[in-house]
Amino acid sequence: RQMCIRDSVLIVPLLVLFAVNRKYYQLSVTIFTLVCSFFYHSLNSFEVDELILSELQWHRLDNIGSVVTFITLVVSLMAHPDPQTEALFNYFGFFLGIIFQEKDPWDIRNTVYPVLIYILIWIFSILKRKKFPTYNKKMLALGLLSMVLALSLIHI
């Protein structure tokens with residue numbers, strides 16, 4: 001039961017970031033992930049087999065949402081000047097996340113590889129522009145702190 005609350009609280013900074021910046025695709029993906037995570041952990045905690053979907057189905061969707069949420073965060077960090085190109089990066093990341101997770105959601109490589117691909121694209125975009133994007137330092141620090149906290153609590 002604590003996991004439901006913990007996961008919900010840790011995703012709030014992302015929800016705020018995307019809402020404040022009117023990133024509605026990213027906000028939708030993050031809400032999707034929050035809902036799937038809530039249902040998965042609730043079914044698991046209360047030992048209920050099914051609520052619309054089975055616990056396993058909610059878990060798979062939670063995995064997809066988590067991967068795609070990380071990708072949308074990396075796309076946001078790219079700070080691409082063209083919204084259409086940013087949208088393409090987001091949609092491709094969505095497809096990539098689904099394909100890798102569908103291959104085998106329990107193989108950690110299928111979680112890490114799509115995110116790693118996008119981190120490499122982000123680095124390449126910085127090198128190509130020869131300029132590091134300008135970030136809101138307060139929001140970046142809050143985001144990094146939340147990420148470190150979330151990653152440190154994954155297996156608790």
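When all heavy atoms of Lys138 and Asn136 are compared, the pair lying nearest together is N-OD1, 3.0 Å. Taking each heavy atom of Glu86 and His80 in turn, the nearest pair found is OE1-O, 4.0 Å. Closest non-hydrogen pair, Phe132 versus Ile126, comes out as CE1-CD1, 3.5 Å. Residues Val67 and Gly97 come closest through the heavy atom pair CG1-CA, 3.9 Å. Across all their heavy atoms, Glu50 and Leu43 have their closest contact at C-CD2, 4.0 Å. In terms of heavy atoms, Pro114 sits closest to Arg109 at CD-O, 4.1 Å.
A side-chain donor-acceptor contact under 3.5 Å links Asn110 to the backbone of Asp104. Ser125 contributes a side-chain N or O that, together with a main-chain N or O of Trp122, makes up a donor-acceptor pair within less than 3.5 Å. The closest donor-acceptor contact from the side chain of Tyr118 to the backbone of Gly93 lies under 3.5 Å.
Distance check, rounded to the nearest 0.5 Å: SG of Cys36 to CG of Asp62 gives 6.5 Å. Rounding to the nearest 0.5 Å gives a distance of 12.5 Å between OG1 of Thr111 and CG of Leu116. Separating the CD1 atom in Ile98 from the CZ atom in Arg60 is a distance of 11.5 Å, to the nearest 0.5 Å. Atom CD1 of Ile121 is separated from atom CE of Met78 by 5.5 Å, given to the nearest 0.5 angstrom. Separating the OG atom in Ser42 from the CG atom in Leu51 is a distance of 8.5 Å, to the nearest 0.5 Å.
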* Asked: Stepwise, does the side chain to side chain contact (heavy atoms under 4.5 Å, CB included) test hold for Val68 with Ile64?
  -> CA-CA 6 Å; Val68 175; Ile64 291 168; 4.2 Å; yes
* Steps toward side chain to side chain donor-acceptor pair (under 3.5 Å) verdict (Thr33, Ser66) -> CA-CA 6 Å; Thr33 304; Ser66 297; 5.5 Å; no
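In this structure, Phe124 is not a member of the same hydrophobic cluster as Leu96, with clusters built from ILVMFWY side-chain heavy atoms closer than 4.5 Å. If you chain together hydrophobic residues whose side chains sit under 4.5 Å apart, Ile117 and Ile99 never meet in one group. Tyr24 and Leu88 sit in two unconnected hydrophobic clusters of ILVMFWY residues. Membership requires side-chain heavy atoms under 4.5 Å apart, directly or through other members. Connection of Ile123 to Val74 is established within a shared hydrophobic cluster, with ILVMFWY side chains joined at heavy-atom distances below 4.5 Å, either directly or through further cluster members. Under the 4.5 Å side-chain heavy-atom criterion for Ile, Leu, Val, Met, Phe, Trp and Tyr, Phe38 and Leu56 are members of distinct hydrophobic clusters.
Taking the side chain as every heavy atom from C-beta outward, Leu34 and Thr30 never approach each other to under 4.5 Å. In this structure, the side chains of Leu17 and Lys23 stay at 4.5 Å or more apart for every pair of heavy atoms. Residues Thr72 and Phe18 form a side-chain contact, since some pair of their non-hydrogen atoms from C-beta on lies under 4.5 Å apart. A heavy-atom distance below 4.5 Å is not found between the side chains of Leu73 and Thr69.
Applying the ring pair (Phe, Tyr, Trp, His ring centres under 6.0 Å) test to residues at least two apart or on different chains, the pairs with a partner in residues 88-114 are Tyr25-Tyr91, His59-Trp106.
With sequence neighbours left out, Gln57 forms a side-chain contact (heavy atoms from CB on, under 4.5 Å) with Leu53, Ser54.
Residue Asp49 qualifies as open at atom CG: its count of foreign heavy atoms under 6.0 Å is 12 or below.
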